[in-house]
Enquirer: 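What follows is a single structure, and I will ask about it in a moment.
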Amino acid sequence: MTNKTARPPWLFLLALSLSSAISLITIVAGRSLPPLDNRIFSSRFHGIYDTSEYGKLQLQNGLAQTPQMGWNSWNFFACNINETVIKETADALISTGLAGLGYVYVNIDDCWSKESRNLKDELVPDPKTFPSGIKALADYVHEKGLKLGIYSDAGVFTCQVRPGSLFHENIDASLFASWDVDYLKYDNCYNLGIAPKKRYPPMRDALNATNHTIFYSLCEWGVDDPALWGAQVGNSWRTTDDINDSWASMTTIADLNDKWAAYAGPGGWNDPDMLEVGNGGMSYHEYRAHFSIWALMKAPLLIGCDVRNLSAETMEILSNNEVIAINQDPLGVQGRKVYVSGTDGCQQVWAGPLSGNRLAVALWNRCSTATSITALWNVLGLQSSIPVNIRDLWQHKEVTRDAVASFSVQVESHDAGLYIFTPKAAAFSEI
């Protein structure tokens, strides 16, 4: 937002070990995935898709087993929000079918509260814009099977100069719980120069103490490398400054977030900020690339446009259930940039492992003209001789069977092709 805007009780373990064969073992609530077959995967696989920094969370709320999905008010509405907008957005998520695809969080950003606390030192919803209060709004959203999110700040004020929660963590967490809030976005403005590692854990502890399950989204803009410590504090952590609705901003943020791929996993995710798809500042191809890369990176998929008035193109992008399935894949390994070529590295291959011994692969053309991009098997960590079936997730069809050694495709400028690679020797067991 331009308003500047653990591990659950069970253990998730991703260990990629190399011996006579490569094995991939993920313990999810006591279940193990089938081992990877060394007939398929090369000795480079472990290094390409490193997850060694994936740590144990202390939040212990059982949430974020896959990245969060929903909607946030800031990118489109900024401070121009009210309870009618929130209710109509919840209605639209249902009527468009987006809620059924997983977009269940309805998150109110800054500007929902009055400019001062009450005599009990509590936050107060703005009576002009939220006259019914947050509890009534939560009830409305919950009746539709959705979840309500709210916003505060790890500072003395929010970014739009409403009261912040610094030194008020316990009273504010208790208030949010009493309202049946499901999600807290916690910003970083007016922070008195106190290090984020000191300011964010008190709210974690306060939320835990309520015995009410609340998703904890850290929004400290990546200034103190939260991937290094966020997994001990929250369910997701912003790795970057605020996104804006432009190609330059989106690509820069994708590259910054990519640095921290090894630290993400079930229970705690890197957050490169909300989606700009549908807000008008980028082309159709650019928005499609934006959504593809966010899905591959296991980023939160939080819609940032007005879902009450979606264009057909925007709806096509946001509702692609095959792309969403990559983001929500239970293996929970963040995809990453694995190869670049061309002028200024504008021809890019991004990839990540999926359940069932599959790979998600994005061929991203950041060049100014259409170009052919090639994914080599050795770059992806595949044995060069293994045959692979390839499904195009934007065309919704299989485009190649038994491809060996490489796959090439012509990609429009600023677009990304997104594919699932299924090696023929893969074990097709379900999770």
Enquirer: A side-chain contact here means heavy atoms from C-beta on lying under 4.5 Å apart; do Asn72 and Ile303 qualify?
Expert: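 No, every pair of side-chain atoms sits at 4.5 Å or beyond.
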Enquirer: Assess the side chains of Ser249 and Ser246: does a donor N or O sit below 3.5 Å from an acceptor N or O?
Expert: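 Short answer, no.
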Enquirer: Is the backbone N or O of Val323 less than 3.5 Å from a side-chain atom of Asn320, with the two atoms forming a donor-acceptor pair by type?
Expert: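 Flag set: sc Asn320 to bb Val323 pair under 3.5 Å.
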Enquirer: Examine distances only and state if a side-chain atom of Asp258 and a backbone atom of Lys337 form a donor-acceptor pair shorter than 3.5 Å.
Expert: yes
Enquirer: Check this for me, if you would: do Glu220 and Arg199 make a salt bridge, where the nitrogen-to-carboxylate-oxygen distance has to be below 4.0 angstrom?
Expert: no
Enquirer: Look at the aromatic rings of Phe421 and Tyr419 and report parallel, tilted or perpendicular, splitting at 30° and 60°.
Expert: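 The rings of Phe421 and Tyr419 stand perpendicular, inter-plane angle above 60°.
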Enquirer: Looking only at side-chain N and O atoms, does Asn257 offer a donor or acceptor that is under 3.5 Å from a partner on Thr239?
Expert: yes
Enquirer: Assess the residue pair His142 and Asp182 against the criterion (side chain to side chain contact (heavy atoms under 4.5 Å, CB included)); give the C-alpha distance rounded to whole Å, side-chain angles, the decisive distance to 0.1 Å, and a yes or no.
Expert: CA-CA 10 Å; His142 291 156; Asp182 303 293; 2.6 Å; yes
Enquirer: Hey, are Asn270 and Gln334 close enough side-chain-wise for a donor-acceptor pair under 3.5 Å?
Expert: yes
Enquirer: Do Phe77 and Asp306 pass the side chain to side chain contact (heavy atoms under 4.5 Å, CB included) test, and can you show the C-alpha distance, the side-chain angles, and the key distance before you say yes or no?
Expert: CA-CA 8 Å; Phe77 292 97; Asp306 184 0; 3.9 Å; yes
Enquirer: If you take all heavy atoms of Trp237 and Ala227, which pair is closest and at what distance?
Expert: NE1-CA, 3.3 Å
Enquirer: Charged N to carboxylate O under 4.0 angstrom, Asp110 versus Arg162?
Expert: no
Enquirer: Mind checking the OG1-CG spacing from Thr89 to Leu98? Nearest 0.5 Å is all I need.
Expert: 11.0 Å
Enquirer: Taking atom types as modelled, is there a side-chain donor on Asn365 or His285 under 3.5 Å from an acceptor on the other?
Expert: no
Enquirer: Hey, does Val379 have a side-chain heavy atom less than 4.5 Å from the side chain of Thr374?
Expert: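 When only atoms from C-beta onward are counted, Val379 and Thr374 do not touch, as no gap falls below 4.5 Å.
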Enquirer: Give a yes or no on whether Asp344 atom CG has more than 12 heavy-atom contacts from other residues, nucleotides or ligands under 6.0 Å away.
Expert: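 It does not: Asp344 CG has 12 such atoms or fewer within range.
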Enquirer: With a 4.5 Å limit on heavy-atom distance, are the side chains of Leu380 and Val338 in contact?
Expert: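 Answer yes - side chains close enough.
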Enquirer: Roughly how far, to the nearest 0.5 Å, is the CD1 atom of Ile253 from the CG atom of Asp271?
Expert: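 That separation rounds to 9.5 Å.
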Enquirer: Salt bridge between Asp255 and Arg366, side-chain N to carboxylate O under 4.0 Å?
Expert: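 Yes, this pair counts.
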Enquirer: Are the side chains of Arg238 and Leu218 in contact, using a 4.5 Å heavy-atom criterion?
Expert: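 They are not in contact (no side-chain heavy atoms under 4.5 Å apart), so the answer is no.
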Enquirer: Could you tell me which non-hydrogen atom of Asp187 sits nearest to which non-hydrogen atom of Cys159, and how far apart they are?
Expert: OD2-SG, 3.4 Å
Enquirer: Knowing that exactly one of Tyr183, Tyr151, Phe130 qualifies, which makes a side chain to side chain contact (heavy atoms under 4.5 Å, CB included) with Ile108?
Expert: Phe130
Enquirer: Minimum heavy-atom separation for Thr213 and Asn61, please, with both atom names.
Expert: CG2-O, 3.7 Å
Enquirer: State, to 0.1 Å, how close Leu275 and Asn75 come at their nearest heavy-atom pair, and which atoms those are.
Expert: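 Closest heavy-atom pair between Leu275 and Asn75: O-ND2, 3.2 Å.
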Enquirer: Between Ser174 (side chain only) and Ile171 (backbone N and O only), is there a donor and an acceptor less than 3.5 Å apart?
Expert: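 No.
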Enquirer: Closest heavy-atom contact between Tyr284 and Glu313?
Expert: CB-OE1, 3.6 Å
Enquirer: Should Lys147 and Val141 be marked as a side chain to side chain contact (heavy atoms under 4.5 Å, CB included) after you check the CA-CA gap, both sets of side-chain angles, and the distance that decides it?
Expert: CA-CA 6 Å; Lys147 300 178 184 294; Val141 168; 5.5 Å; no
Enquirer: For side chain to side chain contact (heavy atoms under 4.5 Å, CB included), just list the numbers for Met250 and Trp294, CA-CA rounded to whole Å, side-chain angles, deciding distance to a tenth of an Å, and then say yes or no.
Expert: CA-CA 10 Å; Met250 184 270 287; Trp294 259 236; 3.9 Å; yes
Enquirer: Hey, does the side chain of Tyr103 reach the backbone of Leu318 with a donor-acceptor pair shorter than 3.5 angstrom?
Expert: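 Side chain of Tyr103 to backbone of Leu318: a pair is present.
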Enquirer: Would a distance-only check, ignoring hydrogens and angles, find a side-chain to backbone donor-acceptor pair under 3.5 Å from Asp109 to Ser73?
Expert: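 No, because the side chain of Asp109 does not come within donor-acceptor range (under 3.5 Å) of the backbone of Ser73.
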Enquirer: Do any N or O atoms from the side chain of Lys298 and from the backbone of Val333 form a donor-acceptor pair under 3.5 angstrom?
Expert: yes
Enquirer: Can you confirm if the aromatic rings of Tyr49 and Phe45 lie within a centre distance of less than 6.0 Å?
Expert: yes
Enquirer: With Asp91, which residues qualify under salt bridge (charged side-chain N to carboxylate O under 4.0 Å, His left out), at least two apart?
Expert: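 Salt bridge (charged side-chain N to carboxylate O under 4.0 Å, His left out) check on Asp91 returns Lys144.
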Enquirer: Look at atom NZ of Lys114 and say whether more than 12 heavy atoms of other residues, nucleotides or ligands are closer to it than 6.0 Å.
Expert: no
Enquirer: For residues Leu123 and Trp112, determine if any side-chain heavy atom of one lies less than 4.5 Å from a side-chain heavy atom of the other.
Expert: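 Yes, close enough: below the 4.5 Å cut-off.
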Enquirer: Trp71 versus Ile86: any side-chain heavy-atom pair under 4.5 Å?
Expert: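 Yes, at least one pair of side-chain atoms sits under 4.5 Å.
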Enquirer: Considering non-hydrogen atoms only, spot the tightest contact between Ala416 and Ser292 and give its length.
Expert: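 Result for this residue pair: O-OG, 4.3 Å.
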Enquirer: Give a yes or no on whether a salt bridge exists between Lys397 and Asp392, defined as a side-chain N under 4.0 angstrom from a carboxylate O.
Expert: no
Enquirer: Just wondering, do His212 and Asp180 contact through their side chains at under 4.5 Å, heavy atoms?
Expert: yes
Enquirer: Hey, does the side chain of Tyr200 reach the backbone of Tyr186 with a donor-acceptor pair shorter than 3.5 angstrom?
Expert: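 Judged by distance alone, yes, a pair lies under 3.5 Å.
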Enquirer: Rounded to the nearest 0.5 Å, what's the gap from CZ on Arg336 to CD1 on Ile293? Could you check?
Expert: 13.0 Å
Enquirer: OG1/Thr240 to NZ/Lys259 distance, rounded to the nearest 0.5 angstrom?
Expert: 12.5 Å
Enquirer: If we only count heavy atoms from C-beta on, is the Trp394 to Leu418 side-chain gap below 4.5 Å?
Expert: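 Heavy-atom side-chain distance check passes, below 4.5 Å.
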Enquirer: Do any N or O atoms from the side chain of His290 and from the backbone of Arg288 form a donor-acceptor pair under 3.5 angstrom?
Expert: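 Side chain of His290 to backbone of Arg288, a donor-acceptor pair under 3.5 Å: no, none is there.
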Enquirer: For Asp273 and Ile243, indicate whether the former's side chain and the latter's backbone hold a donor-acceptor pair under 3.5 Å.
Expert: yes
Enquirer: For the CD1 atom of Ile373 and the SG atom of Cys367, what is their distance to the nearest 0.5 Å?
Expert: 6.5 Å
Enquirer: I'd like to check the salt bridge (charged side-chain N to carboxylate O under 4.0 Å, His left out) partners of Lys198; sequence neighbours left out, ordered by chain and number.
Expert: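 Checked Lys198 against salt bridge (charged side-chain N to carboxylate O under 4.0 Å, His left out); zero matches.
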Enquirer: Is a side-chain N or O of Glu88 found less than 3.5 angstrom from the main chain of Arg308, in a donor-acceptor match?
Expert: no
Enquirer: Going from CG on Leu63 to OH on Tyr216, what distance comes out if it is rounded to the nearest 0.5 angstrom?
Expert: 14.0 Å
Enquirer: Which pairs pass ring pair (Phe, Tyr, Trp, His ring centres under 6.0 Å) with one or both residues in residues 311-353, sequence neighbours excluded?
Expert: Trp350-Trp364
